[in-house]
Amino acid sequence: MKTLINSIYLATEGEGIHIGTPQIFVRFQGCAIGCLNCDSKDTWDFSETDNAFVNTVDEIVEEVSNLGGRGDIKRVSITGGDPLHPKHIPSLKLLVKKLKSKGYFINLEAAGTRIENEVFDSIDFISFDIKTPSTGVKTNLALVQKMYEQFNNKFQIKAVIENSHDFDFVLNTYMDLKNKVENISDNPWCLTPSYNLNEAFPQERFSQVFDWNMKSGAFFRVIGQQHKWIYGPDRKQI
């Protein structure tokens with residue numbers, strides 16, 4: 001089975017609760033979500049281009065094994081693009097099955113626009129986005145509640161914060177959900193201060209997000225994108 005891949009590379013997790021963890025990234029090519037502040041728009045196109053290539057699932061697994069061999073790295077992060085787009089689901093399911101058979105820990109970066117039960121049941125961890133107003137994309141909050149009902153203790157919520165409007169949206173979402181689920185603290189909520197392409201390090205924005213969080217009750221973990229601090233916001237495959 002073949003699938004469209006943007007890149008496969010070894011790097012250190014740069015964001016979320018697993019920050020600093022070496023792993024192999026499998027980045028799918030193709031995304032129809034359209035976040036305004038996306039830093040990977042080169043992964044949107046569903047056609048084979050200079051930025052994308054067609055691989056069989058077996059070739060992907062072989063490349064993962066080769067990249068992790070030196071340090072015996074057995075962690076994979078599947079990202080995109082949108083690996084949960086319906087066009088990708090058949091090859092994604094097969095890839096997950098083959099990687100699990102070889103003992104890999106699998107994290108999947110989910111855009112928060114859909115839940116794929118079979119995939120989520122099979123993997124180890126899900127990074128599930130809440131799309132903030134600055135992205136221009138609306139999150140179906142019923143999906144977040146469903147994550148608690150079906151996949152508790154198996155995911156983190158991530159939200160990119162551009163401004164106070166974004167923060168207030170996430171805070172209101174959290175408080176609303178807190179009234180509907182008993183176990184909201186079982187899964188960490190991570191705020192990622194935005195660090196946009198071609199932007200100098202946004203120190204003031206980081207300070208503001210820290211302050212907003214503390215003043216509102218400190219419900220969230222504020223975790224920046226480490227790879228952008230080190231390499232800048234424009235470099236890829238890091």
Side-chain angles (χ1 to χ4, degrees), residues 1-19 21-33 35 38-129 143 146-147 150-151 153-158 227 236-238:
M1 184 178 293
K2 295 182 178 181
T3 192
L4 197 60
I5 294 294
N6 175 272
S7 52
I8 305 171
Y9 57 96
L10 174 63
T12 297
E13 177 58 66
E15 57 190 76
I17 64 169
H18 295 142
I19 191 169
T21 306
Q23 57 191 358
I24 297 103
F25 290 80
V26 177
R27 186 176 293 278
F28 277 64
Q29 178 72 27
C31 180
I33 297 169
C35 298
C38 178
D39 58 7
S40 302
K41 290 183 179 179
D42 59 301
T43 67
W44 287 12
D45 196 340
F46 280 92
S47 60
E48 187 174 2
T49 66
D50 291 340
N51 295 320
F53 51 94
V54 175
N55 264 17
T56 67
V57 170
D58 285 338
E59 288 170 339
I60 296 170
V61 173
E62 182 179 6
E63 180 65 11
V64 167
S65 178
N66 291 339
L67 287 170
R70 179 179 296 181
D72 194 26
I73 295 171
K74 301 294 286 188
R75 296 179 69 100
V76 173
S77 182
I78 299 175
T79 182
D82 178 15
L84 292 174
H85 189 280
K87 288 184 178 180
H88 294 319
I89 290 301
S91 55
L92 175 62
K93 289 180 178 178
L94 182 57
L95 175 62
V96 166
K97 181 179 180 180
K98 287 181 177 282
L99 288 173
K100 290 307 297 178
S101 73
K102 294 181 179 296
Y104 284 93
F105 178 101
I106 301 176
N107 168 74
L108 188 136
E109 297 287 338
T113 55
R114 56 176 60 89
I115 291 173
E116 185 66 33
N117 289 334
E118 183 178 341
V119 173
F120 285 17
D121 282 334
S122 301
I123 61 178
D124 301 281
F125 197 76
I126 305 112
S127 294
F128 199 82
D129 284 358
L143 294 180
K146 186 176 180 181
M147 289 295 294
Q150 293 187 225
F151 306 105
N153 288 308
K154 194 177 179 177
F155 67 92
Q156 65 180 339
I157 295 294
K158 291 198 302 182
H227 54 294
K236 304 291 184 182
Q237 298 187 27
I238 50 173

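As the structure is a computational prediction, the values presented were derived from the model and not from experiment.
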| said: What verdict does the side-chain contact (heavy atoms from CB on, under 4.5 Å) test give for L108 and L92, after you've listed the backbone C-alpha separation in whole Å, the side-chain angles of each residue and the deciding distance to 0.1 Å? | reply: CA-CA 10 Å; L108 188 136; L92 175 62; 4.0 Å; yes
Original post:
Is there side-chain contact between H227 and T12, with at least one heavy-atom pair below 4.5 Å?
Top reply: no
One should read off an interatomic distance between I126 CD1 and M147 CE, to the nearest 0.5 angstrom, of 4.0 Å
ask   = How about R114 and P86: do any of their side-chain heavy atoms sit closer than 4.5 Å?
value = yes
Discussion item. I'd like to know whether the aromatic ring centres of F128 and F155 sit less than 6.0 Å apart in this structure.
Written reply: no
Heavy-atom closest pair (A111 atom, I33 atom, distance to 0.1 Å) is CB-CD1, 3.1 Å
Is there a side-chain contact between R27 and Q237, using heavy atoms and a 4.5 Å cut-off? no
Exactly one of K100, K74, K154, R75 clears salt bridge (charged side-chain N to carboxylate O under 4.0 Å, His left out) with D124, and that residue is K100
Could you tell me whether K41 atom NZ has more than 12 heavy atoms of other residues or ligands within 6.0 Å of it? yes
Take atom CD in E118; do more than 12 heavy atoms of anything else shown fall under 6.0 Å from it? no
Looking only at heavy atoms, the pair that brings V64 and L99 closest together is CG1-CD2, 4.2 Å
Are the side chains of I123 and I78 in contact, using a 4.5 Å heavy-atom criterion? no
Here the gap from E109 atom CD to T79 atom OG1, rounded to the nearest 0.5 Å, amounts to 5.0 Å
(message) Run the side-chain contact (heavy atoms from CB on, under 4.5 Å) test on W44 and D82 for me, step by step, so that the C-alpha distance in whole Å, both residues' side-chain angles and the decisive distance to 0.1 Å come before the verdict.
(response) CA-CA 8 Å; W44 287 12; D82 178 15; over 6 Å; no
In terms of heavy-atom contacts, K236 and S40 come closest through NZ-CA, 3.7 Å
Item to check | Candidate pair L95 and V61, rule side-chain contact (heavy atoms from CB on, under 4.5 Å), full reasoning | outcome: CA-CA 7 Å; L95 175 62; V61 173; 3.8 Å; yes
Smallest heavy-atom separation, Q156 atom then I17 atom, equals OE1-N, 3.0 Å
Intermediate values then yes/no, side-chain contact (heavy atoms from CB on, under 4.5 Å), K2 and T56 | CA-CA 4 Å; K2 295 182 178 181; T56 67; 3.9 Å; yes
Between K98 and V57, the two heavy atoms sitting closest are CD-CG1, 3.6 Å
Report task. Could you tell me whether the side chain of S65 reaches within less than 4.5 Å of the side chain of Y104, counting heavy atoms only? Result -> yes
When rounded to the nearest 0.5 Å, the distance separating NE2 of H85 from CZ of F46 is 3.5 Å
- [ ] Let me see the working for Q23 and N107 under side chain to side chain donor-acceptor pair (under 3.5 Å), right down to the final yes or no.
- [x] CA-CA 10 Å; Q23 57 191 358; N107 168 74; 5.5 Å; no
d(S91 OG, N55 CG) to nearest 0.5 Å is 10.5 Å
Between the CD1 atom in I60 and the CZ atom in F28, the distance rounded to the nearest 0.5 Å is 5.5 Å
Between T43 and G81 the two heavy atoms that sit nearest each other are OG1-N, 2.8 Å
dist F25:CZ -> L10:CG (nearest 0.5 Å) comes out at 9.0 Å
